[in-house]
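In listed order, ligands and their atoms are each counted from 1.
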Amino acid sequence: MLPDDKSADTTLPPTRLIDGKAFAQRLRHDLREQALALHAQAGVLPTLAVVMVGDDPASGVYVRSKIRATEQAGMRSVSHHLPGHTSEAELLGLIATLNANPLVHGILVQLPLPPQIRRDAVLDGIAPEKDVDGFHVVNAGRLAVGRRDGFIPCTPMGCLMLLKSVRPVLAGLQAVVIGCSNIVGRPMARLLQQEGCTVTMTHLRTRDVAAEARRADIIVVAAGRAGLVRGDWVKPGAIVIDVGINRVETPDGARIVGDVAFDEACPHAGAITPVPGGVGPMTIACLLQNTLQAARNTVSAP
Ligand SMILES: Nc1nc(=O)c2c([nH]1)NC[C@@H]1CN(c3ccc(C(=O)N[C@@H](CCC(=O)O)C(=O)O)cc3)C=[N+]21
Ligand SMILES: [Mg+2]
């Protein structure tokens with residue numbers, strides 16, 4: 001390059017692919033060492049109870065990968081598979097038993113639940129100190145008021161870790177969250193706000209989501225609609241975190257895609273998560289982190 005050639009100064013740096021799979025593998029490796037140390041030093045074997053109701057095949061796949069990851073991370077898992085016709089009272093009974101069991105540190109009830117069971121009644125039946133999903137209303141409340149003594153939902157926590165891996169300081173940035181479920185969007189917005197972002201939460205009734213997205217330095221999308229975020233929604237250099245998991249049929253068979261039109265968005269984004277291999281693996285790693293934390297919390301400080 002000639003000394004007077006300034007073209008490099010105006011060219012955007014290449015898009016950075018955020019490798020959630022590799023990040024999650026490192027985290028799981030670290031968690032394994034910490035779990036083994038806790039077991040050796042305090043005699044506590046971090047244990048996660050996974051409860052599944054019914055036979056949704058996708059849920060079965062997730063549950064099995066959570067159990068495998070738990071054991072690979074030097075922790076124990078106990079799984080309870082209940083039939084699809086289980087009543088809410090029966091499920092609450094199992095949860096009460098797990099709440100009372102001192103050898104169980106974390107409890108995860110796989111969602112979605114069958115229609116005869118009220119999700120919120122079940123989530124609020126889990127002891128908050130064992131609520132490693134962070135879905136109990138008490139843990140949601142702790143996050144909402146900025147307290148740090150509760151559990152943070154695993155997917156937003158994983159998204160924040162990935163964001164910070166490419167941009168350690170988020171303060172002052174404009175963030176847009178697309179989709180505001182209690183599981184991802186709402187807690188994500190609260191975490192970003194705590195990091196000092198100016199957060200816009202968008203949802204089904206937002207008049208012009210594209211216009212909100214175009215102003216953003218950070219886009220987190222958890223809307224459950226394949227290809228929702230188009231290339232021209234992405235401000236040059238923005239960080240794009242894609243939480244979507246959509247199964248689509250292609251001529252070459254079924255494929256999992258996110259909520260971002262990845263090929264379109266890539267040239268605009270400064271950094272972007274792929275699907276698969278982005279946010280998904282982080283969700284499981286953060287579940288293990290919360291389980292380890294729940295186990296540690298049972299050990300009285302020396
Ligand atoms: N109580 C509860 N807690 C949950 O955390 C919870 C739940 N219920 N119900 C279902 C959703 C979904 N979920 C995922 C976890 C990991 C991947 C994951 O690892 N995905 C990989 C593989 C994707 C694939 O190829 O199938 C990836 O994105 O690369 C995806 C989705 C947790 N969920
Ligand atoms: Mg992903």
Side-chain angles (χ1 to χ4, degrees), residues 17-25 27-28 48-70 72-73 77 79-82 91 94-95 98 106-114 117-126 128 130-137 139-140 151-159 161-162 179 181-188 221-224 226 241-248 250 252-260 262 272-291 294:
L17 198 65
I18 305 175
D19 189 343
K21 194 171 171 183
F23 193 114
Q25 263 161 11
L27 180 54
R28 283 161 56 176
L48 173 69
V50 180
V51 180
M52 175 172 161
V53 184
D55 292 300
D56 176 50
S59 288
V61 172
Y62 293 138
V63 164
R64 279 190 295 279
S65 62
K66 283 168 188 169
I67 291 170
R68 194 177 342 108
T70 308
Q72 283 170 356
S77 70
S79 81
H80 295 266
H81 191 177
L82 305 180
L91 179 55
L94 171 60
I95 290 170
L98 296 169
I107 302 171
L108 176 143
V109 178
Q110 183 72 14
L111 302 176
L113 287 164
I117 298 177
R118 292 170 303 158
R119 181 187 77 169
D120 290 346
V122 169
L123 297 180
D124 293 349
I126 297 169
K130 298 191 179 188
D131 170 40
V132 286
D133 260 329
F135 294 161
H136 191 290
V137 70
N139 284 320
F151 288 107
I152 292 167
C154 304
T155 299
M157 190 199 293
C159 292
M161 287 180 185
L162 293 181
S181 70
N182 285 338
I183 289 170
V184 184
R186 273 180 222 269
M188 185 77 242
V221 56
I241 305 289
D242 188 351
V243 185
I245 304 173
N246 306 291
R247 199 180 179 76
V248 294
T250 70
D252 314 322
R255 233 168 34 103
I256 307 281
V257 301
D259 292 346
V260 177
F262 184 84
I272 188 167
T273 60
V275 177
V279 171
M282 291 300 292
T283 299
I284 294 186
C286 289
L287 173 69
L288 301 176
Q289 177 163 306
N290 279 347
T291 301

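Side-chain contact between His136 and Leu123 is absent, with no heavy-atom pair separated by less than 4.5 Å. In this structure, the side chains of Val50 and His81 stay at 4.5 Å or more apart for every pair of heavy atoms.
The shortest N or O to N or O distance between Tyr62 and ligand 1 is not below 3.5 Å. An N or O contact shorter than 3.5 Å is missing between Pro112 and ligand 1 by distance. Ligand 1 has a nitrogen or oxygen under 3.5 angstrom from a nitrogen or oxygen of Val109. For ligand 1, one of its N or O atoms has an N or O atom of Gly277 under 3.5 Å away.
Only side-chain heavy atoms of Ile245 come within less than 4.0 Å of ligand 1; its backbone N, CA, C and O stay farther off. Contact annotation for Asp133 and ligand 1: only side-chain heavy atoms (C-beta onward) come within less than 4.0 Å of the ligand.
Remark: the backbone N or O of Leu48 is not paired with any side-chain donor or acceptor of Lys66 at under 3.5 angstrom. The main-chain N or O of Gly134 is never found under 3.5 Å from a side-chain atom of Asn290 such that the two would form a donor-acceptor pair. Not one N or O on the side chain of Asp259 forms a donor-acceptor pair closer than 3.5 Å with the backbone of Asp242. A distance-only check finds no donor-acceptor pair linking the side chain of Asp133 to the backbone of Phe135 [under 3.5 Å].
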Note to self: Met282 vs Leu162, test: side-chain contact (heavy atoms from CB on, under 4.5 Å). Steps then yes/no.
What the structure shows: CA-CA 8 Å; Met282 291 300 292; Leu162 293 181; 3.8 Å; yes
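Residue Ile284 places a heavy atom under 4.0 Å from ligand 1. Under a 4.0 Å heavy-atom criterion, Lys66 is in contact with ligand 1.
Of the listed residues (Gly278, Ser65, Pro281), the one carrying the non-hydrogen atom nearest atom 21 (C) of ligand 1 is Pro281.
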